[in-house]
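Read the structure below first, then the notes.
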Amino acid sequence: MDYHITLTTPRLTLRPPRPGDEDDLMAIHGDPEVMRYFSERAWTDPARPAQQIASDAAAFAAREHFRFAIVLNETGRQIGNCGLVRPHWPNRRCEVGYALGRAHWGKGYINEALRALLEFAFVELDMHRLEADVDPRNTGSTGALERLGFQREGLLRERWIVGGEVCDSLLYGLLRREWEANARQDR
Ligand SMILES: CC(C)(COP(=O)(O)OP(=O)(O)OC[C@H]1O[C@@H](n2cnc3c(N)ncnc32)[C@H](O)[C@@H]1OP(=O)(O)O)[C@@H](O)C(=O)NCCC(=O)NCCS
């Protein structure tokens, strides 16, 4: 399989991260509002984007995780990222993660990007189940998952401690057969 894979949607291109993405990546993850419900605080270290790009590119090649830059075709700039992380190959499951720069919320971009990512997960990687772990207060994220057919499966109490703040997690899941049924309805 080609791990330099590119996924295309009407408005977006999803491709592995690469040098040159640093400024766009910092604009996304350096924003405390974007990082409000993330498992880490907003980035402040100017070296961080280059480190992340290098580790994501290496992980892509090693099949350890698959984090795509989301590029807006109209401008050629990276507006976010989405990925499949912590793959558990024997059970054919992995976790989904995503973020968009604040200026790009409310336009359906993560919906469009994740539709392509889910197809990559279920068809190319032959996954059986996808999971997402979301702070219950993060209604932008729970809404995005529910629009894609993810089911709310449980509440994990006090699962994260980020910058001293103890946070709960909602666990969401999407099974391959549910995704297939949704894809048939969309046709
Ligand atoms: C989570 C996040 C990506 C969701 O972004 P989003 O833009 O709200 O999500 P979607 O792409 O599903 O867009 C849906 C919204 O776009 C609107 N929209 C506009 N044009 C649209 C189109 N062509 N297609 C679909 N929806 C469209 C929808 O009506 C909806 O608006 P609403 O939220 O007011 O109801 C964003 O809030 C984010 O980056 N948050 C910070 C990072 C984060 O928390 N990540 C998740 C960690 S678990």
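Counting starts at 1 for both ligands and their atoms, following the listed order.
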Exercise for the section: Look only at the side chain of Asp168 and the backbone of Glu158, and say whether a donor-acceptor pair between them is shorter than 3.5 Å. Expected result: yes
Practice task
Below 4.0 Å from any atom of ligand 1, which residues have a heavy atom? Give them in chain and number order, please.
Solution key: Arg11, Val34, Phe38, Tyr98, Ala99, Leu100, Trp105, Gly106, Lys107, Gly108, Tyr109, Ile110, Asn111, Asp133, Asn138, Gly140, Ser141, Ala144, Arg147
Handout entry: Spatial distance of atom CG (Asp21) from atom CD1 (Ile28) [nearest 0.5 Å]
Key = 9.0 Å
Exercise for the section: Compute the ring centroids of Phe122 and His128, then answer whether they are less than 6.0 Å apart. Expected result: no
Practice task
Apply ring-ring contact (aromatic ring centres under 6.0 Å, His included) to Phe68 and list each qualifying residue two or more places apart in sequence or on a separate chain.
Solution key: Phe60, Phe120
Problem - Leu175: partners by side-chain contact (heavy atoms from CB on, under 4.5 Å), with sequence neighbours left out - result: Arg129, Arg177, Glu178
Practice task
Report the residues that fulfil side chain to side chain donor-acceptor pair (under 3.5 Å) with Asp133, sequence neighbours left out, ordered by chain and then residue number.
Solution key: Arg159, Trp160, Ser169
